[in-house]
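Note that this is a predicted model, so its numbers are computed, not measured.
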2 protein chains.
Amino acid sequence: MLNRNRIVTAAVELIEREGADAVSMRRIAAELGVGVMSLYNHVPSKAALLDAVAEDVLSRIGFTDDPSAHWTDRVRIQARAFRRIAHHYPRSTMVVVSRQLGSTAGLLPVERALATLRDAGFDGREAVRMLRMFIAYVVGSLLREVGVTPTFAPVRAGAAIADVDPALFPVVSELRPHLDSCDHDEEFEFGLELLVQAMAVRADARADRGTGEPTGRGGARR
Amino acid sequence: MLNRNRIVTAAVELIEREGADAVSMRRIAAELGVGVMSLYNHVPSKAALLDAVAEDVLSRIGFTDDPSAHWTDRVRIQARAFRRIAHHYPRSTMVVVSRQLGSTAGLLPVERALATLRDAGFDGREAVRMLRMFIAYVVGSLLREVGVTPTFAPVRAGAAIADVDPALFPVVSELRPHLDSCDHDEEFEFGLELLVQAMAVRADARADRGTGEPTGRGGARR
DNA sequence: ATTGACGTACGTACAGCGTACGTGACACGC
DNA sequence: GCGTGTCACGTACGCTGTACGTACGTCAAT
């Protein structure tokens, strides 16, 4: 029996196996041993199917939020959980990111994150801002990592900027060794730490403003 | 006379006017009053054309780098220059971001940015890391701002989470007002400032390690 | 002046795409 | 038996990217 879930799953598998460009309704139907138009009994359009793929991937984010842990650690854990899924479905992640989906599929992560930020002492306005900034960083990082690299972040070792003129780009050519190699884990953790500590500074500033004296509350660990 | 530049320009205009989905070789040819296959005398394939579009947009980034200014201000200016182009060619920006281009078109911004970071006192390894983190944030922000929707819909999470169950998502539903509205300029500047200051802290830490005593050098202004 | 090579624009053709529409098989409450 | 739905299917239409063959201009060498 054909159903929406089987179709979405087949789409995700096909995307991961052969890339997003290989996805067509005919291809998915063939994958399921089914006529093309049968898919349309369960999915209104190809665009809707891709939205469903995005939701499916998002819903796989596994959170083990521990409210008793320090909020900075909770932030780290949530960011890494997101990243882990992205690495598990790298090509589908591009679909997720390049698609504006208007559903509640990605709402659970948002709920968890906002709760964490509220626990950190931020008011509603600040919490939302922090979250937006954080998502921007994580999504941008994943874009670089996953391979469909955004502008000027030469990740592919070697060939990308193989022939740079030292006269035109002295600094780039001097830093070529660092530009050519990229330890994704390390890069991600570096930015993550920078952001978390920056957030902690803001949290402390809030606390100071609130109590009138400096406290350690809300500070970053490490 | 047909040439590569006219084709790329027509493609950019078409993308901005009707969205990336509307782009087809036939459409562009019609726009130029030309046969479809004539395009292939100047562009090897549609994919290559889209790469050229990405390069074209990137090359339009106008930098007025002032090496005498404080490095934090130079970072701010460069980030805003990138963002300005993205807002001028919003739909093409999605093409830029979702496409891995291996040319030197985007290398000038990298050169400027790395030079700025070196001036801030970072060594090569740190400068590259800072740049990667910064690009991740900027690209992620632009993805949120520009969206992918065909229509200019500034509200991101507005109608999407219109019907959220307060019992399931208490924090989200409490912060709905803040989630529904989004001043993109303000959000971007907020994250930008947070990042710049975090970078300044690192720069100071470097300076302290170097001199053995705290200094104000490299600190963030404001 | 003639010839040949070459670059450019064009038209045709093909395989593949998303999907609107109609058809037939089966299960159900009356 | 009989509407009434649901579901899989096949056909068909208007698109897509692009391979291929053709025709015409210009220029170099003969």
Please state how far atom [atom1] in [X] lies from atom [atom2] in [N], giving the value in whole angstrom units.
X: A/D21; N: C/dC17; atom1: CG; atom2: P; answer: 12 Å
X: A/N41; N: C/dT19; atom1: CG; atom2: P; answer: 14 Å
X: A/L49; N: C/dG18; atom1: CG; atom2: P; answer: 10 Å

inquiry  = Please determine whether side-chain contact (heavy atoms from CB on, under 4.5 Å) holds for the pair A/R202 and A/M130, giving the CA-CA distance in whole Å, both sets of side-chain angles, and the decisive distance to 0.1 Å.
reply    = CA-CA 10 Å; A/R202 292 288 166 116; A/M130 291 289 178; 3.7 Å; yes
task = Among A/R80, A/R83, A/R76, find the residue that satisfies the salt bridge (charged side-chain N to carboxylate O under 4.0 Å, His left out) test when tested with A/E189.
result = A/R80
message = Using the rule side-chain contact (heavy atoms from CB on, under 4.5 Å), only one of B/E18, B/E16, B/R17 pairs with B/R91; which is it?
response = B/E16
message = Could you go through A/R129 and A/F122, starting from their C-alpha distance and side-chain angles, then the distance that decides it, and tell me whether this counts as side-chain contact (heavy atoms from CB on, under 4.5 Å)?
response = CA-CA 10 Å; A/R129 283 227 264 234; A/F122 297 113; over 6 Å; no
key: Residues A/H87 and A/E145: side-chain donor-acceptor under 3.5 angstrom   = yes
inquiry  = side-chain contact (heavy atoms from CB on, under 4.5 Å), that's the test. Do B/E126 and B/L117 meet it? Break it down for me.
reply    = CA-CA 9 Å; B/E126 286 169 325; B/L117 292 171; over 6 Å; no
key: Residues from residues 25-38 of chain A lying under 4.0 Å of DNA chain C - heavy atoms   = A/M25, A/R26, A/V36, A/M37
query = Which residues, if any, of residues 2-20 of chain A bring a heavy atom under 4.0 Å of DNA chain C?
reply = none
task = Report yes or no: does A/E31 contribute a side-chain atom to a donor-acceptor pair with the main-chain N or O of A/A10 at less than 3.5 Å?
result = no
ask   = Quick one: does A/T93's side chain have a donor or acceptor within less than 3.5 Å of a partner on A/A86's backbone?
value = yes
Residue pair B/H88, B/R60: steps toward the side-chain contact (heavy atoms from CB on, under 4.5 Å) verdict = CA-CA 10 Å; B/H88 206 274; B/R60 284 183 148 85; over 6 Å; no
key: side-chain hydrogen bond (donor to acceptor under 3.5 Å, both in side chains) between B/E187 and B/S141, worked out   = CA-CA 9 Å; B/E187 296 280 348; B/S141 295; over 6 Å; no
ask   = If you walk 5' to 3' along DNA chain D, what is the first nucleotide with an atom under 4.0 Å of a heavy atom in chain A, and what is the last?
value = D/dC7 to D/dA12
